[in-house]
Amino acid sequence: MAVAALPRTMDALSRRAATLRDSLRRSQGNTDGMVAILGSFDHRLSALEAAMRPTQVRTHAIRTAHENIDRTIKAADGILSQFDLVRRAEAAILRGPHEDLESYLEAVEVLKGIVRFFSSNKNFKSSEGVLNHVNNLLAKSTLKIEEEFKQLMSTYSKPIEPDRLFDCLPKSLRPTKGDHEADGGSHSDHPSKGLETAIYRTPTLIPPRILPLMNDIAQQLVQAGNQQSCYKIYRDSRASALEMSLRKLGVERLSKDDVQKMQWEALEAKIGNWIHFMRIAVKLLLAGERKICDQIFDGVNFNTGHCFAELTANSVITLFSFGDAVAKSKRSPEKLFVLLDMYEVMRELQPEIEEVFEGKPCIEMREAASSLTKRLAQTAQETFADFEDAVEKDASKTIVQDGTVHPLTSYVINYVKFLFDYQSTLKLLFQEFDSGTEAESQLASVTTRIMQALQNNLDGKSKQYKDPALTYLFLMNNIHYMVRSVRRSEAKDILGDDWIQRHRRIVQQNANQYKRVAWAKILQTLSVQGAGSTGDLSSSGVSRAMIKERFKSFNMQFEELHAKQSQWIVPDQELRESLRLAVAEVLLPAYRSFIKRFGTLVENNKNPQKYVRYSPEAVDQLLGQFFEGQQWAEQKR
């Protein structure tokens with residue numbers, strides 16, 4: 001059945017193939033027709049383009065002409081506007097800068113722009129004439145700007161009154177009105193202690209609103225080639241203002257001879273003022289000058305460093321000259337502390353000096369400050385050595401008649417105490433010359449040498465006394481004063497406990513020697529050796545007479561000792577009581593014993609008080625008057 005259907009299927013396929021072939025033939029015919037139509041259009045468009053080409057050329061020429069006309073009109077407008085700018089800028093230049101400086105400087109910038117415009121449009125036939133005219137205006141403007149700069153610098157370069165400067169100081173450093181009138185505003189001898197966080201406010205030397213204008217003027221002058229005149233005007237104006245400010249403050253230039261002629265009190269006051277002035281000059285005035293110099297010439301091709309160095313040179317020399325004169329003047333012990341104060345303030349100001357005088361042009365200023373610091377340190381160290389030598393060799397013949405603390409001792413001890421107020425400064429000073437040795441050990445060594453020099457001198461002075469007992473009392477008093485002062489001061493930590501204990505033993509040795517020398521003879525009088533016994537005395541007139549002589553001798557010696565030693569002084573109450581007690585402990589038992597054993601032998605005489613003049617209680621009471629420094633009239637009373 002399937003075979004029978006096959007012919008029908010083939011016929012159907014044949015019919016469909018024939019239909020497809022007919023369709024393809026018709027489609028090809030259509031395509032050929034369309035190609036022919038399009039070819040016809042192409043020919044027509046080519047002909048149209050050829051016909052329109054002349055029109056396009058004419059249109060392009062017209063457009064180019066319009067563009068040329070527009071450019072010409074714009075160029076003419078630009079040139080006309082430049083002429084208008086010249087006219088307006090010229091009016092501003094002729095009016096001058098005094099009334100409206102900002103507008104004047106704007107007009108100068110406009111003229112410079114006009115110069116640039118015509119310099120780049122040299123083909124314009126009037127450009128040369130315009131350039132000449134504008135350049136003449138710029139030359140006039142430069143002269144007027146220079147004059148205005150000079151006027152502004154003169155107006156705003158006035159000296160600052162001291163009171164304004166004092167207001168910029170930390171409160172702890174501001175003088176009272178009376179202080180300033182009395183001594184130029186000097187402060188305490190050692191004002192830098194505790195001022196590490198003190199705040200200084202830089203004074204306003206030129207109003208802030210003026211600084212930008214001055215910067216613009218400086219820029220104009222330098223650009224115009226007038227750098228030298230700008231340099232000179234600024235330097236001279238600010239140098240004068242700075243010098244006058246310092247003069248009003250009280251700064252003066254003094255030589256070594258001037259310093260040498262001064263009385264110590266006057267010199268000490270001037271040194272105190274100088275220390276104060278140095279802080280004001282460096283932290284306020286010079287810092288302020290550096291600030292405005294940098295602001296006025298910011299962005300200007302100008303030798304700011306050299307200008308600042310020159311304007312401050314004379315003032316710095318004046319400031320440093322006094323310090324230099326003091327350092328070079330004759331050394332004396334009392335100058336050590338003011339030298340340390342001066343050295344200390346130079347060290348304190350060193351960072352500010354480095355900052356204010358930064359850069360190669362200011363190297364001389366930095367070196368001058370460093371040189372002064374080293375010279376002060378050198379003089380202070382030499383004065384230190386002089387003092388040590390002077391203490392040991394002090395040849396004053398002054399004898400303290402009462403055996404109390406010698407003026408030299410109190411002077412040296414006070415000196416050493418003051419030194420310890422300067423511990424940190426002294427350590428810096430020692431390191432200036434010997435950085436290899438620990439500063440604290442150097443301070444201990446120096447202090448020990450000074451104390452030993454004092455002790456050596458006291459040993460020599462003690463030999464001036466004719467009474468050996470007073471010799472030992474004098475040494476006891478003075479060395480005890482040294483020990484007590486060291487124990488109560490920072491010197492204790494430097495000299496150490498060993499030094500204290502060693503010298504306390506020396507005090508005790510001298511006390512024992514005094515007791516032995518002063519009281520040996522009277523104790524010998526009370527000795528029972530050689531006096532015999534009570535039984536012997538009853539049958540021996542000679543022995544009774546001897547006992548009478550012993551009592552009379554005791555009375556006479558004790559009265560002499562009382563008369564003499566009640567005028568002597570042991571200034572320390574504790575030591576005085578201790579010494580009296582030590583004497584009483586040996587004298588009273590011996591006296592009581594002597595009275596007990598031999599008092600009956602004289603009691604039956606007509607005048608027993610002639611022999612037993614003092615009871616043991618009376619002797620004890622009189623011992624309480626020893627070492628009080630009483631005068632003879634007081635003793636009689």
Side-chain angles (χ1 to χ4, degrees), residues 97-98 101 143-168 180 184-185 202-218 221-222 226-255 273-274 276-298 300 302-323 352-353 356-357 359 361-362 364-365 368-369:
H98 194 63
L101 179 58
L143 292 174
K144 290 188 176 184
I145 287 174
E146 184 179 312
E147 190 59 40
E148 182 67 13
F149 188 59
K150 188 183 294 184
Q151 183 63 41
L152 282 173
M153 289 306 304
S154 173
T155 302
Y156 294 106
S157 292
K158 304 297 183 187
I160 299 187
E161 293 299 322
D163 286 343
R164 271 189 63 203
L165 291 171
F166 297 152
D167 287 341
C168 297
H180 179 56
T202 306
T204 302
L205 303 182
I206 293 177
R209 63 183 178 81
I210 300 297
L211 293 172
L213 295 177
M214 287 186 166
N215 175 258
D216 290 340
I217 292 176
L221 289 174
V222 171
N226 287 30
Q227 180 168 333
Q228 280 303 109
S229 61
C230 177
Y231 186 104
K232 187 175 184 302
I233 291 168
Y234 185 84
R235 179 197 64 197
D236 293 350
S237 300
R238 294 312 309 167
S240 174
L242 178 60
E243 288 165 25
M244 288 176 69
S245 295
L246 289 173
R247 204 172 300 128
K248 278 178 170 284
L249 193 62
V251 176
E252 55 186 330
R253 185 178 294 195
L254 295 171
S255 67
N273 286 339
W274 180 83
H276 190 45
F277 297 158
M278 280 298 296
R279 287 195 178 94
I280 291 174
V282 174
K283 291 176 181 281
L284 301 182
L285 287 171
L286 292 173
E289 287 294 344
R290 185 77 209 206
K291 184 178 178 181
I292 61 167
C293 189
D294 289 343
Q295 287 176 319
I296 289 174
F297 297 107
D298 181 38
V300 181
F302 186 78
N303 203 334
T304 309
H306 276 106
C307 184
F308 181 73
E310 285 190 21
L311 79 87
T312 56
N314 199 45
S315 294
V316 170
I317 289 169
T318 301
L319 279 166
F320 288 177
S321 68
F322 179 74
E352 281 94 342
I353 289 171
V356 168
F357 293 109
C362 296
E364 287 186 15
M365 308 297 181

- Message: side-chain contact (heavy atoms from CB on, under 4.5 Å) for L246 and I280? Distances and angles first, verdict last.
- Response: CA-CA 9 Å; L246 289 173; I280 291 174; over 6 Å; no
- Message: Quick check: do E252 and W274 have side-chain heavy atoms less than 4.5 Å from each other?
- Response: no
- Task: State yes or no: are the ring centers of F277 and F322 separated by less than 6.0 Å?
- Result: no
- When every non-hydrogen atom of A218 is compared with those of V300, the smallest separation belongs to O-CG1, 4.0 Å
- Nearest heavy-atom neighbours spanning F320 and M365: CE1-O, 4.2 Å
- Message: side-chain contact (heavy atoms from CB on, under 4.5 Å), that's the test. Do R253 and I317 meet it? Break it down for me.
- Response: CA-CA 8 Å; R253 185 178 294 195; I317 289 169; 3.5 Å; yes
- Note on the structure: d(I233 CD1, M153 CE) to nearest 0.5 Å is 9.0 Å
- Item | With sequence neighbours excluded, residues passing salt bridge (Lys or Arg N to Asp or Glu O under 4.0 Å) with E161 | K248
- Query: When you measure from the side chain of D298 to the backbone N and O of N215, does any donor-acceptor pair fall under 3.5 Å?
  - Reply: no
- Which value, rounded to the nearest 0.5 Å, describes the distance between I206 atom CD1 and I296 atom CD1? 4.0 Å
- Item | F149 and S229, any side-chain heavy atoms less than 4.5 Å apart | no
- Item | side-chain contact (heavy atoms from CB on, under 4.5 Å) between M214 and I292, worked out | CA-CA 10 Å; M214 287 186 166; I292 61 167; over 6 Å; no
- Task: To the nearest 0.5 Å, tell me how far F357 CZ sits from F308 CZ.
- Result: 5.0 Å
- Message: For L286 versus V282, what's the shortest heavy-atom pair and its separation?
- Response: CB-O, 3.9 Å
- Task: Mind checking the CG-OG spacing from N314 to S321? Nearest 0.5 Å is all I need.
- Result: 9.5 Å
- Query: Just by modelled atom types, is the Q151 backbone N or O under 3.5 Å from a matching donor or acceptor in the T155 side chain?
  - Reply: yes
- How far apart are the closest heavy atoms of L311 and A239, and which atoms are they? O-CB, 3.4 Å
- Note on the structure: Here the pair of heavy atoms bringing C307 nearest to Y231 is N-OH, 3.5 Å
- May I have the step-by-step check of side-chain contact (heavy atoms from CB on, under 4.5 Å) for F297 and N303, ending in yes or no? CA-CA 9 Å; F297 297 107; N303 203 334; over 6 Å; no
- Message: Going by salt bridge (Lys or Arg N to Asp or Glu O under 4.0 Å), name the pairs with one or both residues in residues 303-313, residues two or more places apart or in two chains.
- Response: R235-E310
- Query: How close do F302 and C230 get, heavy atom to heavy atom, and via which atoms?
  - Reply: CE1-SG, 4.1 Å
- For K158, salt bridge (Lys or Arg N to Asp or Glu O under 4.0 Å) partners two or more places apart: none
- Taking atom CD of Q295 as the centre, does the number of heavy atoms from other residues, nucleotides or ligands within less than 6.0 Å exceed 12? yes
- Note, L319 side chain near M278 side chain (heavy atom, < 4.5 Å): yes
- Message: Working to the nearest 0.5 angstrom, can you tell me the gap between C293 SG and L205 CG?
- Response: 11.5 Å
- Task: Using side-chain contact (heavy atoms from CB on, under 4.5 Å) as the criterion, point out the one residue from I160, L284, V251 that pairs with S245.
- Result: I160
- Item | Straight-line distance of T204 OG1 to I210 CD1, nearest 0.5 Å | 12.5 Å
